[in-house]
A.B. asks: 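Here you go, one structure.
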Amino acid sequence: VVTTSKVVSAPVESEQGGSKFVVELAGGRRVETVLIRHDHKTSGNARHTVCVSSQEGCARACSFCATGTMGLLSQLTSAEILEQLWHARTLVA
């Protein structure tokens with residue numbers, strides 16, 4: 001598979017089972033993606049949820065959030081969002 005983005009930071013694991021990593025998009029823009037591991041309640045099998053970025057920056061301007069202080073810079077394309085899923089999947093495999 002050919003992608004226009006790449007993972008540029010090693011996943012940072014949290015105590016709750018999540019991993020955050022940075023994806024560099026074409027043109028050098030960077031976004032965060034979070035992979036959350038959890039066990040299925042009845043089967044006990046590991047499952048994953050992926051939180052993807054859909055925009056660069058944020059218009060909410062929350063002072064406690066680094067992304068919010070950037071302002072809204074751009075909306076991501078559907079391909080850029082799907083590539084985040086692809087990168088998360090390769091980390092699970």
Side-chain angles (χ1 to χ4, degrees):
V1 172
V2 176
T3 61
T4 61
S5 63
K6 61 184 176 184
V7 176
V8 293
S9 71
V12 177
E13 307 260 341
S14 75
E15 292 179 15
Q16 292 81 19
S19 300
K20 178 173 67 172
F21 56 96
V22 177
V23 174
E24 185 174 276
L25 307 171
R29 299 175 299 141
R30 292 182 175 196
V31 296
E32 290 183 340
T33 306
V34 178
L35 178 64
I36 302 168
R37 183 185 187 279
H38 51 94
D39 295 324
H40 189 271
K41 289 183 180 181
T42 56
S43 70
N45 293 333
R47 298 178 64 145
H48 294 86
T49 300
V50 181
C51 298
V52 297
S53 295
S54 61
Q55 57 192 27
E56 180 186 16
C58 178
R60 302 278 310 176
C62 300
S63 60
F64 59 84
C65 177
T67 303
T69 61
M70 297 168 56
L72 180 58
L73 302 176
S74 68
Q75 300 290 340
L76 272 57
T77 66
S78 56
E80 290 170 328
I81 295 168
L82 288 171
E83 285 187 18
Q84 292 174 73
L85 291 172
W86 175 256
H87 292 304
R89 186 171 191 266
T90 60
L91 292 174
V92 172

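These numbers were taken from a predicted model, which means no experiment stands behind them.
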A.B. asks: I'd like to check the side chain to side chain donor-acceptor pair (under 3.5 Å) partners of H38; sequence neighbours left out, ordered by chain and number.
C.D. replies: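 Counting only residues at least two positions away or on another chain, H38 forms a side chain to side chain donor-acceptor pair (under 3.5 Å) with T49.
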A.B. asks: Among all residues two or more places apart in sequence or in another chain, which pass the salt bridge (charged side-chain N to carboxylate O under 4.0 Å, His left out) test with R37?
C.D. replies: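 Testing R37 for salt bridge (charged side-chain N to carboxylate O under 4.0 Å, His left out), a comparison that skips the adjacent residues, returns D39.
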A.B. asks: Can you list everything that forms a side chain to side chain donor-acceptor pair (under 3.5 Å) with S53? Sequence neighbours excluded, please.
C.D. replies: none
A.B. asks: Can I get a per-line list of side-chain donor-acceptor pairs under 3.5 Å for residues 85-93, giving both atom names and the distance, sequence neighbours left out?
C.D. replies:
from : atom 1 : to  : atom 2 : distance (Å)
H87  : NE2    : S5  : O      : 3.4
H87  : NE2    : S5  : OG     : 2.9
T90  : OG1    : H87 : O      : 2.7

A.B. asks: To which residues is L72 joined in a hydrophobic cluster, defined by side-chain heavy-atom contacts under 4.5 Å among Ile, Leu, Val, Met, Phe, Trp and Tyr, whether direct or through other members?
C.D. replies: none
A.B. asks: List the residues meeting salt bridge (charged side-chain N to carboxylate O under 4.0 Å, His left out) with E56, not counting sequence neighbours, and say none if there are none.
C.D. replies: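 Applying salt bridge (charged side-chain N to carboxylate O under 4.0 Å, His left out) to E56 gives R29.
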A.B. asks: In the single-linkage hydrophobic clustering (I, L, V, M, F, W, Y; side-chain heavy atoms under 4.5 Å), do L73 and L76 co-cluster?
C.D. replies: no
A.B. asks: Could you list the cluster mates of V34? Members are the ILVMFWY residues connected by side-chain heavy atoms closer than 4.5 Å, either directly or through other members.
C.D. replies: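 Direct or chained contacts put V34 with I36.
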A.B. asks: Each residue besides V22 in its hydrophobic cluster should be listed here, by chain and number; the cluster joins Ile, Leu, Val, Met, Phe, Trp and Tyr at side-chain heavy-atom distances under 4.5 Å.
C.D. replies: V8
A.B. asks: Between V12 and V7, is there shared hydrophobic-cluster membership here, with clusters defined by ILVMFWY side-chain heavy atoms closer than 4.5 Å?
C.D. replies: no
A.B. asks: Hey, are the side chains of E83 and V23 touching, using non-hydrogen atoms and a 4.5 Å cut-off?
C.D. replies: no
A.B. asks: Holding to side chain to side chain donor-acceptor pair (under 3.5 Å), I want the full list of residues that pass it with E32, two or more places apart in sequence or in another chain.
C.D. replies: none
A.B. asks: Could you note down all residue pairs passing salt bridge (Lys or Arg N to Asp or Glu O under 4.0 Å) where residues 40-52 supplies at least one of them, sequence neighbours left out?
C.D. replies: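 Counting only pairs at least two positions apart or across chains, no salt bridge (Lys or Arg N to Asp or Glu O under 4.0 Å) contact touches residues 40-52.
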A.B. asks: For S78, enumerate each residue passing the side chain to side chain donor-acceptor pair (under 3.5 Å) test, keeping only those at least two apart in sequence or located in another chain.
C.D. replies: none
A.B. asks: Out of curiosity, Q75 CD to S54 OG, how far, rounded to the nearest 0.5 Å?
C.D. replies: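 One gets 6.5 Å once the value is rounded to the nearest 0.5 Å.
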